[in-house]
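Input: a single structure, listed below in structure tokens.
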Amino acid sequence: MLVKPVLGALVISSLLGSAAIAASPASVTVKMHAQNGSGENGTATLTQLPAGVKVVVDLTGAPATDQPTHIHPGTCAKLNPKPEYPLSPSVNGKSTTVLKGMKLSSLLGGMYSVNVHKSSDDLKTYVSCGVIK
């Protein structure tokens, strides 16, 4: 009778599928490093939500003014200057954004970095960066 082998295969397949889902992290904390003498260090926490990925940037030593914040392709050492995903500007070193429909797994692996720019007028000066691993 084929019912038992088929049921056994379905149970094993279900368990393996659950293990693969459980292996994906629900949250990743990225260490943000100051650049260009800014003194802006801290973290960016990326958390998978049902609606997308929540990105919370928390820096110390940042000014009260708006600082453009993005996820760029590349590493901090070799960053593509064109942002892939805009984030809310950091103000007083804080930014919170939900990237709707995004999967955290698609950002992992060192192919993207969270990057903070000095100001809207000086986008070429990077003040803090962290590689998403």
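Computation of the quantities below employed the complete heavy-atom set of this structure, encompassing side-chain atoms and omitting hydrogens, waters and symmetry-equivalent molecules.
- Leu108 and Tyr85 fall within the same hydrophobic cluster, where Ile, Leu, Val, Met, Phe, Trp and Tyr residues are linked whenever their side-chain heavy atoms come under 4.5 Å apart, directly or through other members.
- Atoms OG and CG, on Ser128 and Asn41 in that order, are 6.0 Å from each other to the nearest 0.5 Å.
- His70 pairs in a side-chain contact (heavy atoms from CB on, under 4.5 Å) with only one of the listed residues (His117, Glu84, Lys82), which is His117.
- Atom OG1 of Thr45 is separated from atom NZ of Lys54 by 9.5 Å, given to the nearest 0.5 angstrom.
- Donor-acceptor pairing under 3.5 Å is recorded for the side chains of Glu40 and Gln67.
- Cluster annotation: Val131 and Val30 are assigned to distinct hydrophobic clusters (Ile/Leu/Val/Met/Phe/Trp/Tyr, side-chain heavy-atom contacts under 4.5 Å, transitive).
- Listed here is the closest heavy atom pair of Lys133 and Val28: O-CG1, 3.5 Å.
- The minimum heavy-atom distance linking Ser95 with Ser90 is given by the pair CB-OG, 3.6 Å.
- Heavy-atom minimum distance, Ser27 versus Thr47: OG-OG1, 3.3 Å.
- Under a hydrophobic clustering in which Ile, Leu, Val, Met, Phe, Trp and Tyr are joined whenever their side-chain heavy atoms come within less than 4.5 Å, directly or via other members, Leu46 and Val98 fall into different clusters.
- A donor-acceptor distance shorter than 3.5 angstrom exists from the side chain of Ser119 to the backbone of Asp122, with no hydrogens or angles considered.
- Separating the SG atom in Cys129 from the NE2 atom in His33 is a distance of 8.5 Å, to the nearest 0.5 Å.
- We find the CD1-CG distance between Ile71 and Leu99 to be 5.0 Å, quoted to the nearest 0.5 Å.
- Within the 3.5 Å criterion, the main-chain N or O of Leu87 finds no donor-acceptor partner in the side chain of Thr69.
- Each of Leu107 and Leu49 belongs to its own hydrophobic cluster when Ile, Leu, Val, Met, Phe, Trp and Tyr are linked at side-chain heavy-atom distances under 4.5 angstrom.
- No continuous path of hydrophobic side-chain contacts links Val114 to Tyr126 [ILVMFWY only; heavy atoms under 4.5 Å].
- The shortest non-hydrogen separation linking Ala64 to Val91 is O-CG1, 3.2 Å.
- Here the shortest heavy-atom pairing between Ser88 and Thr97 reads N-OG1, 2.7 Å.
- One distance of note links CG of Asn80 with CG of Asn115; it measures 11.0 Å at 0.5 Å rounding.
- No hydrogens or angles considered: nothing links the side chains of Thr29 and Thr43 as a donor-acceptor pair under 3.5 Å.
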